[in-house]
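For reference, the structure is listed below as structure tokens.
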Amino acid sequence: MYPLLLALPLFIASCGSDNGGTESGMGGGGSTPTPPAALGTVISTADRITLDVATDKVCYKPGEKVLFTLTSGTLPAGARMRYRNGNDVVADEAISGTSWTWTAPDADYTGYMADIYTADGDKVESVYAAIAVDVSSDWGCFPRYGFIASYGTDKTEAVRNNEFKLLNRCHINGLQFYDWQYKHHWPLGGTPGNLLPVYKDIANRDISTDVVKGYIDLAHRQGMKAMFYNLCFGVLDDAAADGVKASWNIYKDNARRNQDHHQLPDSWKSSIYLVDPSSTGWQDYLANRNNDVYTALGFDGFHIDQLGDRGTVYDYYGGKCNLRTGYASFINAMKKRHPDKSLVMNAVSNWGAENILGTGNMDFMYSELWDGESTFADLLSILNANTGYAGGKKMGQVYAAYMNYGHKTAQFNTPGVLLTDAVMFAVGASHLELGDGHMLCSEYFPYSELKMSAELQKAIVAYYDFLTAYQNLLRDGGTQTAADLTAASSAVKLNAWPPALGTVTTFAREVNGKKVIHLLNFRKANSLSWRDQNSTMPEPDTLTGLVLSLKATGVKTLWAASPDVLGGAPQQLTFRQEGDRITFSVPSLKYWTMIVAE
């Protein structure tokens, strides 16, 4: 979306089908467990994350070679790399030097965690690095969406390569090219046979065609999809001269006195005037302009934007416009014209999501969240609603959710970002936040005043490794369920979803016969809003050795993993079965720990 006068501070891939089940967390029923004498991990694991490692691509096809490169540090003597799906080891091999390869297994749509470790006997090991690998032939199953927002000649090849290091390391598999276009109604800078070397965007910024091409090529080399951004119904004030007809316009009145528009600053090229997205004339016109884009540039699809609820609007002939149904009509027309191209459409405050997703033509679900959707609880309720709108299909959910909006600090507040990502990822969504050199804090994507600290950059890598490695437990369907969990310590209050201040809030799913339990630390949180607008969310204390009791029978394996320790690598746990309950100790909980009972 665009800011109002510079007031600066969704994806269907069929990986299967699943009806989302019922919404519930985990409660505090049952008796209080007695701390066992000796519960802990089977293997004593030292967190010695001192190495940095990268892969050559963000995702791989089944059977493809994965190239790992050590980007900092030196491998210790006896170093090995272990590849796991969940807690199951699929390969384990000695490694040496600064690069090595691994052949991805044949299973499609599968996440793996690879960790570099050394073992000292049977009971002690040290983990030095961890990195996820996504083996998926289609990005739509597990979207990890990023953005590009600046295309000036200062974006040299060296600059672009440097920007992509973090995007690659976080396994970002799709990029929204925001405000790359010449005009909304004529997005390509020039014509396919006569491209403009440099042109002005809506904000009168210089856009280099070669830089746009360079970003697209770089994205493709690293396995990312490149999506061009544009509104579904926006034109500039010179649209008539370019063939846009007045009969396609929409108005705020039924007498054609006031064309609906989005006011932008006088220093910009134009305000944005709105046309009827259901007009077949407009659909044909823009599809032709998009054909020029696809002919001249290597974009993989169209990221469609809207402007939220416009109130009552009228067509040229005085009839009321139904924009919701207009969006569906527009989407279907775009898919018919370019059936091999991806489509994603923004549901602003989730407005129109039912019609958008009901087309069946979205690659995934995409929602831009604002004040009306500002609670942590909304992150699950919107995902559930959208899954219903999509007919219960298993689809990826991406949230455009701007952290520290209206900030008063120079840097993002790390605890606010990490707690939001923890909750978002735990319930099964992902976060549009990482782009060409900065993190989003505004709906105007080029705005980059708020910076990421070195601490946040390091932590965010582990969070995206976690999202990717455990995607089959986090985002691959399953049933939201209730479970019976109690804590041995009266100082720790467990709370069933939705989140509550002063608690460890729990959320659970049954996934392919596994019980997946998320522990989310709200004990020191000062707000139930994910936005952290004043950048005041405090850092939580880390709980260690938290003894819990879970009502469960038939458990053969119990393990834990957290993006906050060991780079997200799993830790197998011992447990004691007493009747219909198991008692175990959680190694640590800072923001988020996942427990899996198999």
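- Counting only N and O atoms by type, the side chains of Asp421 and His431 include a donor and acceptor under 3.5 Å apart.
- For the side-chain contact (heavy atoms from CB on, under 4.5 Å) criterion with Leu419, the lone passing option out of Met424, Glu539, Met537, Lys524 is Met537.
- Residues passing the salt bridge (charged side-chain N to carboxylate O under 4.0 Å, His left out) test with Arg523, sequence neighbours excluded: none.
- With contacts defined as side-chain heavy-atom distances shorter than 4.5 Å, the pair Leu519/Ile595 qualifies.
- Using a cut-off of 4.0 Å between Lys/Arg side-chain N and Asp/Glu carboxylate O, Arg221 and Asp56 are scored as not salt-bridged.
- No side-chain N or O of Thr468 forms a donor-acceptor pair with one of Asp134 less than 3.5 Å apart.
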Practice problem: Go through the steps for Val348 and Asp309 under the test side chain to side chain contact (heavy atoms under 4.5 Å, CB included), then give the verdict. | Solution: CA-CA 8 Å; Val348 179; Asp309 187 354; over 6 Å; no
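- Between His303 and Tyr145, the ring-plane angle classifies as tilted under the 30° and 60° cut-offs.
- Minimum heavy-atom separation, Ser588 to Thr542: CB-CG2, 4.2 Å.
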Quiz item: Stepwise, does the side chain to side chain contact (heavy atoms under 4.5 Å, CB included) test hold for Asp47 with Val127?
Solution: CA-CA 6 Å; Asp47 191 339; Val127 175; 6.0 Å; no
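- Residue pairs that meet the salt bridge (Lys or Arg N to Asp or Glu O under 4.0 Å) test with at least one member in residues 370-380, sequence neighbours left out, are Asp371-Arg531.
- Considering only heavy atoms from C-beta on, His407 stays 4.5 Å or farther from Phe412 through its side chain.
- The two atoms that bring Ile382 and Ser367 nearest to each other are CG2-OG, 4.0 Å, heavy atoms only.
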Exercise. Step by step, work out the ring pair (Phe, Tyr, Trp, His ring centres under 6.0 Å) result for Phe445 and Phe147.
Key: CA-CA 8 Å; Phe445 287 17; Phe147 67 92; 5.3 Å; yes
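- When atom types are taken as modelled, the side chain of Ser529 and the backbone of Ser374 share a donor-acceptor pair closer than 3.5 angstrom.
- The two atoms that bring Gln471 and Gly111 nearest to each other are NE2-N, 3.4 Å, heavy atoms only.
- Using a 4.0 Å cut-off between a side-chain N of Lys or Arg and a carboxylate O of Asp or Glu, Arg169 and Asp465 qualify as a salt bridge.
- Judged as a ring pair (Phe, Tyr, Trp, His ring centres under 6.0 Å), the pairs with a partner in residues 456-483 (not counting sequence neighbours) are, in order, Phe425-Tyr464, Phe466-Tyr470, Phe466-Trp592, Tyr470-Trp559.
- A donor-acceptor pair is defined here as one N or O able to donate and one able to accept, closer than 3.5 Å; no such pair exists between the side chain of Tyr273 and the backbone of Ser270.
- In this structure, CG on Leu440 lies 5.5 Å from CG on Leu432, to the nearest 0.5 angstrom.
- Within the 6.0 Å centre-distance limit, the rings of Tyr444 and Trp268 are counted as a close aromatic pair.
- When side chains are defined from C-beta on, Thr593 does not count as touching Leu546, because their heavy atoms never get closer than 4.5 Å.
- Looking only at atom types and distance, the side chain of Gln222 has no donor-acceptor partner in the side chain of His220 under 3.5 Å away.
- Side chain of Ser489 to main chain of Ala491: a donor-acceptor pair is present (N/O by atom type, distance under 3.5 Å, no hydrogens or angles).
- The two residues Val511 and Gly477 have their closest heavy-atom pair at CG2-O, 4.1 Å.
- Inspection of the Asn386 and Asn350 side chains reveals an N or O donor paired with an N or O acceptor under 3.5 Å.
- Under a 4.0 Å N-O distance rule, the pair Asp179/Arg205 does not qualify as a salt bridge.
- Without hydrogens or angle criteria, Asn404 side chain to Asn413 main chain gives a donor-acceptor distance under 3.5 Å.
- Contact annotation: the side chain of Tyr215 approaches that of Lys155 to within less than 4.5 Å [non-hydrogen atoms, C-beta and beyond].
- Between Leu70 and Leu51 there is a side-chain heavy-atom pair separated by less than 4.5 Å.
- The environment of NZ in Lys183 is crowded: more than 12 heavy-atom neighbours from other residues, nucleotides or ligands sit within 6.0 Å.
- Val427 and Phe507 make their closest contact through CA-CE2, 3.9 Å (heavy atoms, listed as atom of the first residue, atom of the second, distance).
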Quiz item: Run the ring pair (Phe, Tyr, Trp, His ring centres under 6.0 Å) check on Tyr117 and Tyr128 step by step: do they pass?
Solution: CA-CA 6 Å; Tyr117 77 101; Tyr128 297 87; 9.1 Å; no
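- Checked by atom type and distance alone, the side chain of Asn346 never pairs as donor or acceptor with a backbone atom of Gln306 at under 3.5 Å.
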Exercise. Kindly determine whether Phe376 and Trp530 satisfy ring pair (Phe, Tyr, Trp, His ring centres under 6.0 Å), including the steps that lead there.
Key: CA-CA 6 Å; Phe376 287 102; Trp530 55 262; 8.0 Å; no
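- Between Lys515 and Leu550 there is a side-chain heavy-atom pair separated by less than 4.5 Å.
- A donor-acceptor pair under 3.5 Å is absent between the side-chain atoms of Ser136 and the main chain of Trp139, judged by distance alone.
- Here the side chains of His518 and Val423 are not in contact, with every heavy-atom distance at 4.5 Å or above.
- Taken to the nearest 0.5 Å, the CG atom of Leu528 stands 4.0 Å off from the CG atom of Leu501.
- Residue-environment remark: NZ (Lys493) stays at or below the threshold of 12 foreign heavy atoms within 6.0 Å.
- Put simply, the residue from Glu443, Glu368, Gln533 that forms a side chain to side chain donor-acceptor pair (under 3.5 Å) with Tyr402 is Glu368.
- Between the Arg475 side chain and the Pro143 main chain, a donor and an acceptor come within less than 3.5 Å of each other.
- Classification of the Tyr182-Tyr199 ring pair by plane angle, with boundaries at 30° and 60°, yields perpendicular.
- When atom types are taken as modelled, the side chain of Asp305 and the backbone of Asn230 share no donor-acceptor pair closer than 3.5 angstrom.
- To the nearest 0.5 Å, the span separating CG on Leu218 from CG on Asp436 amounts to 11.5 Å.
- With hydrogens and angles left out, the side-chain atoms of Ser126 and Arg48 include a donor and acceptor closer than 3.5 Å.
- When only modelled atom types and interatomic distance are considered, Asn534 and Thr536 share no side-chain donor-acceptor pair under 3.5 Å.
- Using cut-offs of 30° and 60° on the angle between ring planes, the pair Tyr178 and Tyr229 is tilted.
- The structure places CZ of Arg144 at 9.0 Å from CZ of Phe142, a figure rounded to the nearest 0.5 Å.
- Smallest separation of non-hydrogen atoms from Asp201 and Ile207: CB-CG1, 3.7 Å.
- Here the side chain of Thr71 pairs a donor or acceptor atom with the backbone of Asp52 at under 3.5 angstrom.
- Side-chain contact annotation: Gln480 with Asn384, donor-acceptor N/O pair under 3.5 Å present.
- A donor-acceptor contact shorter than 3.5 Å links the side chain of Tyr399 to the backbone of Leu379.
- Contact annotation: the side chain of Leu175 never approaches that of Met227 to less than 4.5 Å [non-hydrogen atoms, C-beta and beyond].
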Quiz item: Where do Lys451 and Thr409 land on the side chain to side chain contact (heavy atoms under 4.5 Å, CB included) test, with the steps shown first?
Solution: CA-CA 9 Å; Lys451 307 300 182 185; Thr409 57; over 6 Å; no
